[in-house]
Undergrad: 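Provided herewith is a single structure, encoded as structure tokens, for subsequent inquiry.
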Amino acid sequence: VFSLCLAGCGGGGGGSGASPNSGGENNDIGVIPWPMLGQNPQHTGQSPYAGTDIPTTKWYQSSFDGSYTQSVIGGDGTIIALNYFTDTIFAIDPHNGSIQWGYSIDEEQAVKSIIHTPAIDGNGVIYFHDTDGIMYALNPDGSLKWKKNLYVYDTPLTIGSDGNMYAVDVNYLDCIGADGSLDWSYKPSDTRVSDLSPAIGTDGTIYIGVKNNGVDGNGSLIALFPDGSLKWRYYLDDPIDAWKSGVSPTIAPAIGPDGT
């Protein structure tokens with residue numbers, strides 16, 4: 001049984017929160033506390049807020065079970081969490097832990113499920129995809145904005161500073177607009193894109209892992225320009241595929257403040 005627990009400030013020196021990155025509306029995800037896997041397009045996993053030195057339980061929500069993904073947090077503090085077993089996206093009130101709404105995907109096929117972390121853009125729209133490759137966009141109130149079969153299966157979505165989303169589509173990296181339109185796709189000529197969420201540098205460079213063809217099974221790190229054209233490729237001496245390397249498939253490239 002999975003329960004969601006929020007730790008509140010207990011009076012420690014770190015209890016005073018720092019302000020998040022400033023920014024405007026619309027595509028600015030810098031105003032969202034935790035909009036995607038790893039918090040930001042660089043996947044640093046670092047919050048813009050200071051934590052507390054003495055964590056105490058603020059509330060406890062146990063009315064849903066099952067989640068293998070990170071929860072995300074919207075601009076108003078609403079927590080978006082996934083129930084893996086019922087394939088439902090929940091919105092949870094950050095003040096008392098009550099469930100504000102839930103959205104369940106259609107039961108058209110028994111194998112369909114949601115297994116990856118959702119993402120939230122600067123307008124509060126929530127994006128996620130199921131294992132049939134169908135991508136969903138929900139309004140902040142939980143109503144369906146659009147639903148399209150984009151054949152996106154393998155990774156959590158990454159939202160760039162331009163508002164576009166980047167996801168792996170079997171052998172391709174797709175750039176998807178906020179309206180669900182496909183802006184471009186990139187396919188390596190001699191490899192396939194690995195099951196790792198893409199990372200995006202502050203200059204717009206997109207980084208993905210790919211699996212080299214051949215018996216060695218090793219991988220490469222590829223950098224793409226914002227238009228999807230190849231910038232450079234670095235060959236690795238080890239597998240980059242998440243399952244083959246024996247670690248979680250939710251890992252992703254991470255970019256440091258200096259671009260490393």
Side-chain angles (χ1 to χ4, degrees), residues 4 6 17 19-49 61 64 67-84 87-95 97-105 114-130 134-148 150 152 155-168 174-181 183 197-200 202 204 206 250 252 254-255:
L4 186 64
L6 182 67
S19 298
N21 300 329
S22 60
E25 297 179 348
N26 301 323
N27 292 335
D28 188 2
I29 56 172
V31 301
I32 311 297
W34 201 278
M36 70 189 82
L37 176 74
Q39 201 281 328
N40 49 54
Q42 294 77 50
H43 295 318
T44 64
Q46 295 178 319
S47 173
Y49 294 97
Q61 171 58 260
F64 68 98
S67 181
Y68 300 115
T69 66
Q70 290 183 7
S71 298
V72 293
I73 304 175
D76 62 353
T78 298
I79 301 163
I80 305 299
L82 166 65
N83 183 323
Y84 174 80
D87 295 317
T88 303
I89 297 287
F90 285 103
I92 301 172
D93 190 307
H95 304 292
S98 62
I99 294 177
Q100 298 176 332
W101 53 259
Y103 180 88
S104 298
I105 63 175
I114 311 170
I115 60 175
H116 290 300
T117 301
I120 307 176
D121 71 9
N123 294 314
V125 178
I126 302 151
Y127 303 93
F128 62 95
H129 60 85
D130 63 28
I134 297 174
M135 188 167 168
Y136 303 76
L138 304 183
N139 293 306
D141 63 359
S143 60
L144 181 66
K145 185 179 180 71
W146 53 258
K147 170 183 171 183
K148 296 184 179 181
L150 297 175
V152 174
T155 64
L157 301 168
T158 299
I159 301 181
S161 59
D162 57 1
N164 288 329
M165 292 167 285
Y166 301 85
V168 174
D174 291 339
C175 175
I176 303 166
D179 60 354
S181 60
D183 289 352
S197 183
I200 306 173
T202 55
I206 305 151
T250 57
I255 304 171

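Values below: all heavy atoms of this structure, side chains included; hydrogens, waters and symmetry mates excluded.
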Undergrad: To check you understand the geometry: which heavy-atom pair defines the closest contact between P140 and W101, and what is its length?
TA: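 Smallest heavy-atom distance, with atoms named: O-NE1, 3.2 Å.
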Undergrad: Keeping the roles fixed (side chain from Q39, backbone from T44), state whether a donor-acceptor pair exists under 3.5 Å.
TA: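 No, the answer is negative, given that no donor and acceptor are paired below the 3.5 Å cut-off.
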Undergrad: Check the angle between the aromatic planes of W146 and Y127 and answer parallel, tilted or perpendicular using the 30° and 60° thresholds.
TA: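 Geometry flag for Y127 against W146: tilted rings.
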Undergrad: Where the side chain of D121 meets the backbone of G124, is there a donor-acceptor pair that is under 3.5 Å apart?
TA: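 Answer holds: yes.
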Undergrad: Return the set of residues passing side-chain hydrogen bond (donor to acceptor under 3.5 Å, both in side chains) with T202 (not counting sequence neighbours), or none when no residue passes.
TA: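 By the side-chain hydrogen bond (donor to acceptor under 3.5 Å, both in side chains) rule, T202 matches no residue at all.
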Undergrad: When you look at N164 and D162, which way does the side-chain hydrogen bond (donor to acceptor under 3.5 Å, both in side chains) test go after all the steps?
TA: CA-CA 6 Å; N164 288 329; D162 57 1; 3.1 Å; yes
Undergrad: Of the options L157, L82, V72, I80, which is the one that meets T117 in a side chain to side chain contact (heavy atoms under 4.5 Å, CB included)?
TA: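 In the set L157, L82, V72, I80, the residue that makes a side chain to side chain contact (heavy atoms under 4.5 Å, CB included) with T117 is V72.
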Undergrad: Give, for atom OG of S47 and atom CD1 of I73, the distance between the pair rounded to the nearest 0.5 Å.
TA: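 Rounded to the nearest 0.5 Å, the OG-CD1 separation comes out at 7.5 Å.
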Undergrad: Looking only at non-hydrogen atoms, find the nearest pair between T158 and P41 and report the distance.
TA: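 Here T158 and P41 meet closest at CG2-CA, 4.0 Å.
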Undergrad: When rounded to the nearest 0.5 angstrom, what distance separates CG in L144 from CD1 in I126?
TA: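 Those atoms lie 11.5 Å apart.
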Undergrad: Can you name the nearest heavy-atom pair linking A178 to M165, along with the distance?
TA: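 Taking every non-hydrogen atom into account, CA-CE, 4.1 Å.
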Undergrad: For residues K148 and D179, report the shortest heavy-atom separation together with the two atoms involved.
TA: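 Taking every non-hydrogen atom into account, NZ-O, 2.8 Å.
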Undergrad: Atom CD of Q100 and atom CD1 of I79: how far apart are they, to the nearest 0.5 Å?
TA: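 One gets 9.0 Å once the value is rounded to the nearest 0.5 Å.
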Undergrad: Any chance you could measure Q61, atom CD, to S98, atom OG, to the nearest 0.5 Å?
TA: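 Rounded to the nearest 0.5 Å, the CD-OG separation comes to 8.0 Å.
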Undergrad: Distance from I32 atom CD1 to N123 atom CG, nearest 0.5 Å?
TA: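 Going from CD1 on I32 over to CG on N123, the span is 8.5 Å.
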Undergrad: What are the two closest non-hydrogen atoms of A167 and P198, and how far apart are they?
TA: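 That would be N-CG, 4.5 Å.
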Undergrad: Are Y136 and Y103 packed together at the side-chain level, in the sense that at least one heavy-atom pair is separated by less than 4.5 angstrom?
TA: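 Side chain of Y136 against side chain of Y103, heavy atoms only: contact under 4.5 Å found.
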Undergrad: Can you confirm whether V125 sits close enough to K145 that some side-chain heavy atom of one is under 4.5 Å from a side-chain heavy atom of the other?
TA: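 Sidechains of K145 and V125: in contact.
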Undergrad: Which atom names give the shortest non-hydrogen contact between P94 and T78, and what distance separates them?
TA: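 Residues P94 and T78, closest heavy atoms: CD-CA, 4.1 Å.
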Undergrad: Atom CD1 in I176, atom OG in S181: separation rounded to 0.5 Å?
TA: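 Going from CD1 on I176 over to OG on S181, the span is 9.0 Å.
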Undergrad: Under a 4.5 Å cut-off applied to non-hydrogen side-chain atoms, are H43 and S197 in contact?
TA: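 H43 reaches S197 side chain to side chain.
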